[in-house]
There are 2 protein chains.
Amino acid sequence: MIPPRRTRSNSRDRILDAASEIVCEVGAGKLTLDAVAQRAGLSKGGLLYNFPSKDALLAAMVERMIGEGRAEKEALRSQIAERRNLEARLACAVSLKVRSGAAQEVASGMLAALAENPGLLDPVRSLIADEWQAIKATSEDPDAAMVAWLAVEALGSLDMHSLSPVSPQDRVRIEAAVKRLLDFGIREAGESEETR
Amino acid sequence: MIPPRRTRSNSRDRILDAASEIVCEVGAGKLTLDAVAQRAGLSKGGLLYNFPSKDALLAAMVERMIGEGRAEKEALRSQIAERRNLEARLACAVSLKVRSGAAQEVASGMLAALAENPGLLDPVRSLIADEWQAIKATSEDPDAAMVAWLAVEALGSLDMHSLSPVSPQDRVRIEAAVKRLLDFGIREAGESEETR
DNA sequence: TGAACTGTACCGTCTGGTCGGTTTATACAG
DNA sequence: CTGTATAAACCGACCAGACGGTACAGTTCA
């Protein structure tokens, strides 16, 4: 029950949390230093002491989000025994799971703010590039894996902008379809069709 | 050689063009009324005479973009004879074709600005919803069509944020894979695999 | 005591929007 | 053809608020 000692790292986390909440609730356009400070329970001075500029704050947010994403992915890696299309499955699982949570909405708002500072997106860019490479490299059927990964990515992206026309039922079907796609690949000409 | 008579609609288009250019070049963050006015060759007063507010301007930009997309789709409709998975084919074709052009970059920048005014995205939302319905309704294999459409959508979305890890070669392969997917569907368990 | 940290008042700039005035085109009367 | 009236189109100075950032004086802890 230590009187919540305000350490620097402590404040940093509180600030980052506050910023995420704000972005998530009212969008990146309203992400002002004043708002963040208020939300985090300190003054603008204190905020700027921890993050010398708004860009620094944004960069830290990106950093943290990527870290969380990676951690989540790592956690899933151990659960997936099957080696087949490992990376693709991973990516899809991560997307389908993580992306429906709060992180999703944060990412949504962030993109808007980040769009103006292309540099801030660099970490994200390289993360995606890595994922893509892994998928191409470790999949038995890269074509199917690429398409599957893209489809899942789109799901997230559309949600992100609240643009998704995909109903929950659709979602289930898509998930199943993606799994089938990864497991069995794309059918060739002259094969049977069962469900119609 | 009439001294380009300044009609209202004339100015409107000039303004819309200018705004698009700016968004495309420096991003939505720099889309100020002053900049647009200067670019369009009139004063801020004149600009605000044509569009009573910045939101009105943005809304008009969205409107025009949607209109262009629809026109493009209509144009393609006549070229695609095959009835199979018509809607999905159309949508994908439009995306693959149009989205690689200038409209793409404009859309990119726009999203950032639009993210703050969710209402401005309503037209886009309904457009997408319509497309989605059409795809589900008119496809022989809705599952495959949905996945295909999503994959193409992701391609556009990633490009939009300059986040795409997809190389030109990848793109070609994906395009082919999507076509196969639409034509032949997803393979089921216990079928031959030829390319490995 | 000193370093880490916080609070607050303030500044400069940017930007959307207002507003009164000016130009330009058109219609029409004489 | 000329003068006049009218309204649309346009101009640009100005304003108010928001926002990022600074300065600096306190405060707290080791």
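- Two residues, A/L33 and B/L47, neighbour DNA chain D, and the one matched to the more 5' nucleotide by heavy-atom proximity is B/L47.
- For the pair B/R14 CZ and D/dC10 P, the interatomic distance rounds to 7 Å; values are reported in whole Å.
- In this structure, B/L42 atom CG and C/dT24 atom C1' are separated by 15 Å, rounded to whole Å.
- A donor-acceptor contact shorter than 3.5 Å is absent between the side chain of A/S157 and the backbone of A/E153.
- For D/dA9, one of the phosphate oxygens OP1 or OP2 lies less than 4.0 angstrom from a side-chain nitrogen or oxygen of B/Y49.
- The interatomic distance linking A/D34 (CG) with C/dA9 (P) rounds to 13 Å, in whole Å.
- Shown here is A/Q38, whose CD atom has no more than 12 heavy atoms of other residues, nucleotides or ligands within 6.0 Å.
- Taking 4.0 angstrom as the limit, B/K44 places none of its side-chain polar atoms (N or O) nearer than this to OP1 or OP2 of D/dG12.
- Comparing C/dG7, D/dG20, C/dG17 by their nearest atom to the side chain of B/K54 picks out C/dG17.
- Side-chain contact between B/E25 and B/R39 is present, with at least one heavy-atom pair separated by less than 4.5 Å.
- Remark: A/Q133 CD is packed, more than 12 non-hydrogen atoms of other residues, nucleotides or ligands lying under 6.0 Å away.
- Side chain of B/D141 to main chain of B/A144: a donor-acceptor pair is present (N/O by atom type, distance under 3.5 Å, no hydrogens or angles).
- A/F51 has its CZ atom 16 Å from the C1' atom of D/dG20, to the nearest Å.
- The NZ atom of A/K30 sits 6 Å away from the P atom of D/dC19 (whole-angstrom rounding).
- A residue-by-residue look at A/L48 and A/T32 shows that A/T32 has its nearest nucleotide of DNA chain D further toward the 5' end.
- When rounded to the nearest whole Å, the span between CG of B/L31 and P of C/dG16 equals 8 Å.
- For the pair A/S11 and C/dC5, the criterion of a side-chain N or O lying under 4.0 Å from OP1 or OP2 is not met.
- The phosphate of C/dT6 (OP1 or OP2) has a side-chain N or O of A/N50 nearer than 4.0 angstrom.
- If you check every strand for non-hydrogen atoms under 4.0 Å, A/L57 touches nothing.
- Atom CD in B/Q38 sits roughly 15 Å away from atom C1' in D/dC11 (whole-Å rounding).
- Going from atom CG of B/N10 over to atom P of C/dA25 covers 13 Å, rounded to whole Å.
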